[in-house]
Trainee: 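Structure in structure tokens, see below.
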Amino acid sequence: MTTSPSTPPLQRYSRPQRSAHWWTAALMVLTYASIESHGFLQRGSFARLTVVQLHYWLGIAVLAITLPRIARRLREGAPPIEPPPGAAARLSAGAMHLALFIFLVVQPLLGIATRLVSGHGIGVPFTDRAVPSIMADRALSKAIEGVHEQIGTVFYAVIGLHIAAALWHWARRRDNVMQRML
Ligand code: HEM
Ligand code: HEM
């Protein structure tokens, strides 16, 4: 396909930003799938322990990707949207992305905190090793776990909205929002 000389170059998020976004999306599927599936496995079984431990480390991987991603995002900013959206749309997208970034940091931290105060630590899958707990307070661990689970449930909806908005931009508004992330 040829482009006319007046066609502006496609401006996208930088490669590290795009790759961090899609790795995070894939890890989120696995993080949710691992914890949602553990209920189907027999209590006390090796399989159940393994998927729960995989949940911990998939979540930690999300955090490890997100921290440098945020630093880079603050440095680089975002590419322009063509045609530019109105002020209300910009504001709601900004709020949505901020909420997602906060979630990607706070949710793993709450999970880590749950385990670090549980007395059992963060078990490493397929080994008998664990990052040790700093204390054993079952009530506190359960309280943090409750918040972690509630946030996890709420963000099913938030992530669903995010994906719906991206698809709407791509299929209906036909702007470059999606192309910027591909
Ligand atoms: C973005 C990352 C994460 C997401 C989206 C997430 C999501 C969830 C969700 C939805 C549940 C509730 C599942 C249910 O209702 O049965 C859950 C449970 C849990 N998560 Fe996470 N989590 C993340 C990271 C972590 C991390 C990093 C850890 C620990 C290192 C962790 C530890 C736990 C624990 C201990 C539970 C309770 C499991 C149980 O019922 O035995 N999570 N998580
Ligand atoms: C099929 C799934 C997904 C699609 C199609 C998608 C699409 C997009 C698109 C097109 C953007 C650019 C929006 C803009 O700049 O205005 C974006 C940004 C973003 N997405 Fe997703 N996304 C998906 C899944 C996820 C998931 C699972 C998460 C995390 C839970 C996530 C977190 C984010 C964040 C934090 C941004 C803001 C990026 C920034 O400002 O640097 N996305 N997404």
Trainee: Transitively linked via ILVMFWY side-chain contacts under 4.5 Å: Val52 with Leu49?
Mentor: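 Not linked; separate clusters.
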Trainee: Mind telling me whether Phe155 and Phe103 have parallel, tilted or perpendicular rings, with 30° and 60° as the class edges?
Mentor: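 The arrangement is parallel - the two ring planes meet at less than 30°.
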Trainee: Less than 4.5 Å apart, any side-chain heavy atom of Met135 and any of Leu140?
Mentor: yes
Trainee: Using side-chain heavy atoms (C-beta onward) and a distance below 4.5 Å, is Leu104 in contact with Leu63?
Mentor: no
Trainee: Hydrophobic clustering (ILVMFWY, side-chain heavy atoms < 4.5 Å, transitive) - are Val106 and Ile144 grouped together?
Mentor: yes
Trainee: Between Ser34 (side chain only) and Leu54 (backbone N and O only), is there a donor and an acceptor less than 3.5 Å apart?
Mentor: no
Trainee: What closest approach, in Å, do Pro85 and Ala89 show between heavy atoms, and which atom pair accounts for it?
Mentor: CB-CB, 4.0 Å
Trainee: Which pair of non-hydrogen atoms, one from Asn176 and one from Ile81, has the smallest distance, and what is that distance?
Mentor: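 It is OD1-CA, 3.3 Å.
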Trainee: For Ala136 and Gly119, which heavy atoms make the closest approach, and how far apart are they?
Mentor: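 It is CB-CA, 3.7 Å.
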Trainee: For the residue pair Thr66 and Ile70, establish whether any side-chain heavy-atom pair is separated by less than 4.5 Å.
Mentor: yes
Trainee: Do any N or O atoms from the side chain of Arg48 and from the backbone of Leu41 form a donor-acceptor pair under 3.5 angstrom?
Mentor: yes
Trainee: Under 3.5 Å, is there a donor-acceptor pair between the side chain of Ser37 and the main chain of Ala33?
Mentor: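 Checked: pair present.
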Trainee: Treating His148 as the side-chain partner and Thr114 as the backbone partner, does any N or O pair qualify as donor plus acceptor under 3.5 Å?
Mentor: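 Checking the backbone N and O of Thr114 against the side chain of His148, no donor-acceptor pair under 3.5 Å is found.
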Trainee: Would you check if His21 and Arg69 make a side-chain contact, meaning some heavy-atom pair closer than 4.5 Å?
Mentor: yes
Trainee: Verify the neighbour count for atom OH of Tyr156: are there more than 12 heavy atoms of other residues, nucleotides or ligands below 6.0 Å?
Mentor: yes
Trainee: Check whether Leu91 and Met96 end up in the same hydrophobic cluster, where Ile, Leu, Val, Met, Phe, Trp and Tyr are linked by side-chain heavy atoms less than 4.5 Å apart.
Mentor: no
Trainee: At their closest point, which heavy atom of Thr31 faces which heavy atom of His55, and how far apart are they?
Mentor: O-ND1, 2.8 Å
Trainee: Would you check if Gln53 and Ile122 make a side-chain contact, meaning some heavy-atom pair closer than 4.5 Å?
Mentor: no
Trainee: Can you sort out the partners of His97 under ring pair (Phe, Tyr, Trp, His ring centres under 6.0 Å), two or more places apart, ordered by chain and number?
Mentor: His162
Trainee: For Gln179, is there any backbone N or O sitting under 3.5 Å from a side-chain donor or acceptor partner on Trp170?
Mentor: no
Trainee: Return yes if some donor-acceptor pair links the side-chain N/O of Arg12 with the main-chain N/O of Leu182 below 3.5 Å, else return no.
Mentor: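 Present.
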Trainee: So, Ser14 and Glu76: side-chain donor and acceptor under 3.5 Å apart, yes or no?
Mentor: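 Glu76 and Ser14 do have a side-chain donor-acceptor pair below 3.5 Å.
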Trainee: Within a 6.0 Å radius of atom CZ on Arg18, are there more than 12 heavy atoms belonging to other residues, nucleotides or ligands?
Mentor: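 Yes.
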Trainee: Do Arg173 and Trp168 have side chains that approach each other closer than 4.5 Å (heavy atoms only, starting at C-beta)?
Mentor: yes
Trainee: Would you check if the side chain of Arg180 reaches a backbone N or O of Pro79 as a donor-acceptor pair within less than 3.5 Å?
Mentor: yes
Trainee: Say you draw a straight line from CD of Glu145 to CZ of Arg138; how long is it, rounded to the nearest 0.5 Å?
Mentor: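 Glu145 CD to Arg138 CZ: 8.5 Å, rounded to 0.5 Å.
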Trainee: Would you sort out whether Val62 and Met28 count as a side chain to side chain contact (heavy atoms under 4.5 Å, CB included), showing the intermediate values?
Mentor: CA-CA 8 Å; Val62 168; Met28 290 305 301; 4.2 Å; yes
Trainee: Do the side chains of Leu98 and Val177 join up, straight or via other hydrophobic residues, at under 4.5 Å, putting them in one cluster?
Mentor: no
Trainee: With rounding to the nearest 0.5 angstrom, report the CG to CG distance, Leu58 to Leu27.
Mentor: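 So the gap between those two atoms works out to 6.0 Å.
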Trainee: Look up atom OG in Ser92 and atom CG in Leu161, then write down how far apart they are to the nearest 0.5 Å.
Mentor: 10.5 Å
Trainee: Using the rule that two of Ile, Leu, Val, Met, Phe, Trp, Tyr join whenever any of their side-chain heavy atoms come within less than 4.5 Å, decide whether Val29 and Tyr32 are in one cluster.
Mentor: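 No, no single cluster joins them.
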Trainee: Counting only N and O atoms by type, is there a donor-acceptor contact under 3.5 Å from the side chain of Ser118 to the main-chain atoms of Arg115?
Mentor: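 Looks like yes, one N/O pair under 3.5 Å.
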Trainee: Indicate the atoms forming the closest heavy-atom contact of Arg73 with Tyr13, along with that distance.
Mentor: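 Looks like NE-CE2, 4.2 Å.
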Trainee: Measuring from atom CG of Leu30 to atom CD1 of Ile35, what distance do you get when rounded to the nearest 0.5 angstrom?
Mentor: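 The distance works out to 13.0 Å.
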Trainee: Give a yes or no on this: more than 12 heavy atoms of other residues, nucleotides or ligands lie within 6.0 Å of atom CZ of Arg15.
Mentor: no
Trainee: With no hydrogens and no angle check, is any side-chain donor or acceptor of Trp57 less than 3.5 Å from a backbone partner on Gly123?
Mentor: yes
Trainee: For the residue pair Gly121 and Ser133, what are the closest heavy atoms and their distance?
Mentor: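 Taking every non-hydrogen atom into account, N-OG, 2.8 Å.
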